Amino acid sequence: MDANATTPLLPEVVEAMRPFWLEAFGNASSIHQQGQHARAAVDDARDAVARLLNCRAAEVVFTSGGTESDNLALFGVLSPGDHLITSSIEHHAVLHAAEALTDRGIEVTFLPCTAQGTIEATALLAALKPNTRLVSVMLANNETGAIQPVRELADLAHAAGALFHTDAVQAAGKLPLDVKALGCDLLSLSGHKMYAPQGTGALYVRRSVRLRPMFFGGLHERGRRPGTENVAGIVGLGKAAELARAWLAGEPSSVPGAHSAEALARLRDRLELGILADVDEAGVNSGAAPRVANTSNLYFDHVEAEALVIALDLKGLAVSGGSACQSGATEPSHVLTAMGLCEARARASIRLSLSRLTTEDEVDRAIALVPAAVARLRELSPKHLLLATHS
Ligand code: PLP
């Protein structure tokens, strides 16, 4: 239950990619037939991603993933003297890029969030300045699943003459991603959060936006991202985009047991209610915010999330304590801290994230395993030992 860390490849994605590793392995820049075949496959994948985003194919730049897309968006449009507004709950791909930009003469403002982990229009209004060039706020948070009011924020940014970027990595394959409806100029995607391979991604760049490349080399991706294309990976991303579009339209999946969007939301709610029915001093972080259907961030007071993650892992349940991308770090989650959770509660929170392929049985197992593991850890926790000694 760690699909926000990465998703499995859908069988159709593997099948679409397979020939491009084996018999059809041409370089998409070669003039010969093998090269032209690879080029046609890249073009088809670009069309599929453009259909998912409701944009032109020429506005899609293939990258190595969400981190590169976020960096390209920020470094590609900002120059010394510009002001960047982003939020305190972004993924490190944006946060650390923003910090690096301050060393290059860019002024950065990090917007606070509400206790529910959402960014408010009033916070953005107060931060906009005449030199604000870019506003970057994610569409769905990776830790809590909270959906941000991107359209409203984008309208405010545009009214102030700024561009708007959204990191839609955790929204892709979960929410509609029509760039015109969202009102964004730049949008980041990552393949491995939407059933395509790790190391694939895309950046949508509205036609009128002038983007400087981060790398220098050939004229691939219209000069915006040089380097020989990862043809098989791009084909996989294109197939996943096509499947995401069909899934969002409610079309049945060819994978037996795969959930519809509504069924996934019901499954997550059943998981949450089932666990919380059996544990006290526990709750849902961002529980009152609009959330993507698959994500559940739960706190269990008096428990160390790290210990809980290990205990559950030993029982065969893979969950995350905060963001997987920062596991190994001892700091409490910056997202939960920004929401105003005290350090102890932030350190007592875990994330369960379901995929379209998570089964009812797996949810039943989690409903049994999590309360049992929490009870066991609480028995061992200093507070409970103290209470036991006094009673
Ligand atoms: N942005 C968000 C919201 C993410 O959740 C992640 C990965 O967890 C990234 C960006 C980075 O994407 P990638 O792993 O493809 O570099």
Side-chain angles (χ1 to χ4, degrees), residues 1-9 13 49 60-76 86-100 110-111 113 117-119 136-148 150 153 165-175 177 182 184 186-204 214-215 225 230 233-234 236-237 240-241 244 286 289 291-292 294-297 318-329 333-336 338-339 350-355:
M1 296 193 174
D2 202 12
N4 285 11
T6 203
T7 50
L9 296 189
V13 172
V49 174
V60 175
V61 180
F62 288 119
T63 67
S64 65
T67 300
E68 185 185 334
S69 296
D70 286 343
N71 276 264
L72 182 55
L74 269 57
F75 281 82
T86 185
S87 84
S88 45
I89 57 163
E90 298 299 308
H91 188 270
H92 284 138
V94 169
L95 284 182
H96 289 167
E99 283 161 18
F110 295 97
L111 299 177
C113 70
T118 51
I119 307 299
S136 177
V137 177
M138 69 200 326
L139 184 48
N141 184 268
N142 44 305
E143 295 191 31
T144 63
I147 300 170
Q148 306 303 324
V150 157
L153 301 175
H165 165 247
T166 192
D167 173 340
V169 166
Q170 291 292 349
K174 298 170 189 164
L175 299 175
L177 288 186
L182 291 170
C184 54
L186 299 136
L187 177 147
S188 301
L189 285 186
S190 172
H192 76 112
K193 314 288 185 178
M194 52 182 287
Y195 309 90
Q198 296 167 354
T200 62
L203 179 67
Y204 156 74
M214 289 185 70
F215 305 152
R225 204 280 188 175
N230 170 6
I234 287 171
L237 181 57
S286 291
R291 286 183 294 159
V292 283
N294 80 316
T295 308
S296 183
N297 195 306
V319 303
S320 154
S323 159
C325 308
Q326 58 181 34
S327 59
S333 148
H334 68 278
V335 175
L336 300 180
M339 286 163 58
I350 63 165
R351 177 187 72 189
L352 299 106
S353 47
L354 311 185
S355 86

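These numbers come from a predicted model, not from an experiment. Counting convention: from 1, in listed order, for ligands and their atoms alike.
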*asked:* Could you check whether any side-chain heavy atom of V335 comes within less than 4.5 Å of a side-chain heavy atom of N297, counting everything from C-beta outward?
replied: no

*Let me know which of S320, S353, S333 forms a side chain to side chain donor-acceptor pair (under 3.5 Å) with E143.*
S333

*Heavy atom under 4.0 Å from ligand 1: found in T67's side chain, backbone, both, or neither?*
both

*Kindly indicate whether the side chain of H334, heavy atoms from C-beta on, has any atom under 4.5 Å from the side chain of F110.*
no

*asked:* For a 4.5 angstrom cut-off between non-hydrogen side-chain atoms, does H165 reach D70?
replied: yes

*With heavy atoms under 4.0 Å as the rule, classify the contact between E68 and ligand 1 as side chain, backbone, both or neither.*
neither

*Considering the heavy atoms of N142, write down every atom of ligand 1 situated less than 4.0 Å from one of them.*
3 (C), 5 (O)

*Could you tell me whether some N/O pair between Q170 and ligand 1 is separated by less than 3.5 angstrom?*
yes

_Is there a polar contact, in the sense of an N or O pair closer than 3.5 Å, between T200 and ligand 1?_
no

_Close-contact set for ligand 1 against K193 heavy atoms, below 4.0 Å_ = 6 (C), 7 (C), 8 (O)

_Show me which atoms of ligand 1 lie under 4.0 Å from any heavy atom of M138._
3 (C)

*asked:* Apply side chain to side chain contact (heavy atoms under 4.5 Å, CB included) to residues M1 and L354 and explain how you reach the verdict.
replied: CA-CA 5 Å; M1 296 193 174; L354 311 185; 3.7 Å; yes

*side-chain hydrogen bond (donor to acceptor under 3.5 Å, both in side chains) assessment of S69 paired with T63*: CA-CA 6 Å; S69 296; T63 67; 2.9 Å; yes

_Check: Q170 and H91 side chains under 4.5 Å, non-hydrogen atoms_ = no

*For ligand 1, which atoms sit closer than 4.0 Å to a heavy atom of G65?*
15 (O)

*Do any nitrogen or oxygen atoms of G66 come within less than 3.5 Å of a nitrogen or oxygen of ligand 1?*
yes

*asked:* Applying side chain to side chain contact (heavy atoms under 4.5 Å, CB included) to L189 and L177, what does each step give before you reach the verdict?
replied: CA-CA 10 Å; L189 285 186; L177 288 186; 3.6 Å; yes

*Near D70, which atoms of ligand 1 are under 4.0 Å from a heavy atom of that residue?*
1 (N), 10 (C)

*State the atoms of ligand 1, each with its element, that fall below the 4.0 Å cut-off from a heavy-atom position in H192.*
13 (P), 14 (O), 15 (O)

